[in-house]
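Read through the structure below, which is laid out as structure tokens, and then see the notes.
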Amino acid sequence: QWEGRTKRQFFKYIPSIESYVAVSIYQDEFLQVVRRVTYAILVAVLVGVVVFILITMFLSRSITSGLKKGVDFAKHIAKGDLTASLDVNQQDEVGELAGALSQMLGKLKSIVLNIRTGAESIAAASSQISNGSQQLSEGATEQASSTEEISSSMEEMVSNIQQNTDNAKQTENISGK
């Protein structure tokens with residue numbers, strides 16, 4: 001106790017100066033300094049936590065925003081909408097993913113265009129084959145009709161020959177009697 005207040009004294013021997021160093025401070029002043037340091041540490045920790053949360057939210061939004069755009073883009077392509085576009089201006093992995101998805105769309109458009117061109121060529125060839133088949137069918141029908149006429153004529157000739165043979169036999173029988 002010193003002048004009605006509690007006072008603390010600390011000392012330590014310092015070999016480099018071969019002496020003791022002593023410090024004395026009133027306890028209430030020391031506790032006031034400790035409280036200020038405690039409050040400063042608490043404020044620094046709270047500010048650090050708030051800054052950490054804000055940075056985390058910003059990074060999280062930038063990542064999820066790019067990924068959401070990528071997912072929406074992929075859904076449009078999955079529905080067959082090849083006119084969709086992806087606008088992500090990031091220089092991280094999400095930006096690389098967006099670039100790869102855009103390249104994929106370009107290749108997919110090229111493949112679809114090639115398939116469409118091939119299908120049109122196949123349709124044109126199919127139409128030509130159909131026309132050729134129809135002409136062939138008409139030719140076959142005409143030939144069948146001609147064959148039927150020839151067959152009918154042949155039957156008529158056979159019938160006439162048979163008639164002539166019968167007449168000749170009758171004539172021979174009459175003249176032989």
Side-chain angles (χ1 to χ4, degrees), residues 38-177:
T38 303
Y39 291 141
I41 289 172
L42 281 173
V43 167
V45 167
L46 287 175
V47 167
V49 167
V50 168
V51 168
F52 175 76
I53 289 172
L54 291 175
I55 289 172
T56 302
M57 286 173 53
F58 172 76
L59 290 175
S60 159
R61 282 193 181 145
S62 72
I63 290 171
T64 56
S65 163
L67 287 176
K68 182 172 179 357
K69 287 179 182 178
V71 168
D72 290 342
F73 176 75
K75 285 181 179 178
H76 282 285
I77 292 172
K79 290 178 183 175
D81 180 10
L82 299 183
T83 62
S85 64
L86 182 59
D87 183 30
V88 175
N89 297 323
Q90 290 178 232
Q91 301 300 320
D92 56 2
E93 290 81 5
V94 174
E96 287 183 37
L97 176 63
L101 285 172
S102 293
Q103 287 178 349
M104 179 189 72
L105 177 62
K107 295 286 185 183
L108 191 58
K109 283 180 181 179
S110 174
I111 290 169
V112 168
L113 181 63
N114 288 341
I115 290 172
R116 183 176 289 152
T117 303
E120 288 172 358
S121 296
I122 289 172
S126 175
S127 176
Q128 289 176 352
I129 289 172
S130 174
N131 288 340
S133 294
Q134 187 175 357
Q135 289 174 355
L136 191 62
S137 173
E138 288 172 3
T141 302
E142 286 178 19
Q143 215 170 21
S145 175
S146 294
T147 303
E148 192 176 308
E149 284 179 28
I150 291 172
S151 174
S152 175
S153 295
M154 293 284 283
E155 284 178 16
E156 194 176 311
M157 282 174 65
V158 166
S159 174
N160 285 340
I161 291 171
Q162 185 65 41
Q163 178 93 25
N164 286 340
T165 304
D166 290 344
N167 288 341
K169 281 184 185 178
Q170 280 180 2
T171 303
E172 185 181 330
N173 284 341
I174 292 176
S175 67
K177 285 189 182 177

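All values below were derived from every heavy atom in this structure, side-chain atoms included, with hydrogens, water molecules and symmetry-related copies excluded.
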TODO: Apply side-chain contact (heavy atoms from CB on, under 4.5 Å) to D92 and list each qualifying residue two or more places apart in sequence or on a separate chain.
DONE: Q90, V94

Open item on the list: Which residues pass the side-chain contact (heavy atoms from CB on, under 4.5 Å) test with V47, not counting sequence neighbours?
Closed with: V43, V51

- [ ] To the nearest 0.5 Å, tell me how far I174 CD1 sits from E172 CD.
- [x] 11.0 Å

- [ ] With rounding to the nearest 0.5 Å, note down the distance linking CD in E149 to OG in S152.
- [x] 8.0 Å

Task: Among L108, V112, N114, side-chain contact (heavy atoms from CB on, under 4.5 Å) partner for S110 - done: N114

- [ ] Tell me, please, which residues at least two apart from Q91 pass side-chain hydrogen bond (donor to acceptor under 3.5 Å, both in side chains).
- [x] none

Tell me which donor-acceptor pairs under 3.5 Å the side chains of residues 97-107 have, and how far apart each pair is, sequence neighbours excluded?
unit_1	atom_1	unit_2	atom_2	d
S102	OG	A98	O	3.2

Open item on the list: Can a donor-acceptor pair be found, under 3.5 Å and without considering hydrogens, that links the side chain of S146 to the backbone of E142?
Closed with: yes

Do any side-chain atoms of residues 121-136 form donor-acceptor pairs under 3.5 angstrom with protein atoms, and if so which ones, sequence neighbours left out?
unit_1	atom_1	unit_2	atom_2	d
S121	OG	T117	O	3.1
S133	OG	I129	O	3.0

Task: Contacts of type side-chain contact (heavy atoms from CB on, under 4.5 Å), residue V158, not counting sequence neighbours - done: none

What pairs of donor and acceptor atoms, side-chain ones from residues 59-81 against any protein atom, are under 3.5 angstrom apart with sequence neighbours left out?
unit_1	atom_1	unit_2	atom_2	d
S62	OG	L59	O	2.9
T64	OG1	S60	O	2.8
T64	OG1	R61	O	3.4
K68	NZ	D72	OD2	3.3
K69	NZ	D87	O	3.4
D81	OD1	T83	N	3.0
D81	OD1	T83	OG1	2.4

TODO: Could you tell me which residues satisfy side-chain contact (heavy atoms from CB on, under 4.5 Å) with I41, sequence neighbours excluded, listed by chain and number?
DONE: V37, V45

- [ ] Would you mind listing every side chain to side chain donor-acceptor pair (under 3.5 Å) that reaches into residues 158-167, with sequence neighbours excluded?
- [x] Q162-D166

